[in-house]
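Please read all numbers here as calculations on a predicted model, not as lab measurements.
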Amino acid sequence: METDTECPFCGSETITIIEDGREFCCMCGDCYAQGPTASTKAGAAEAWNERA
């Protein structure tokens, strides 16, 4: 699953989806900012792409 948008804090395009137990979230590989959690990888990517 890919993200469509860059990091809102540093502009990096190095975004990965990480798993923390039973939840997933996107994390910037440069500044380590994290997006909202979701129960699936697709949900985490969607939440990252649609963040306010």
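Within the 4.5 Å cutoff, side-chain heavy atoms of Thr5 are placed close to those of Trp48. By the 4.5 Å heavy-atom criterion applied to side chains, Cys28 and Cys10 are counted as neighbours.
The backbone N or O of Thr3 sits nowhere less than 3.5 Å from a side-chain atom of Asn49 that would complete a donor-acceptor pair.
Residues forming a side chain to side chain contact (heavy atoms under 4.5 Å, CB included) with Gln34 (at least two apart in sequence, or on another chain): Ile18, Cys25, Met27.
Between Asp30 atom CG and Glu13 atom CD the span is 10.5 Å, to the nearest 0.5 Å. Atom OG1 of Thr40 and atom CZ of Phe24 lie 7.5 Å apart (nearest 0.5 Å).
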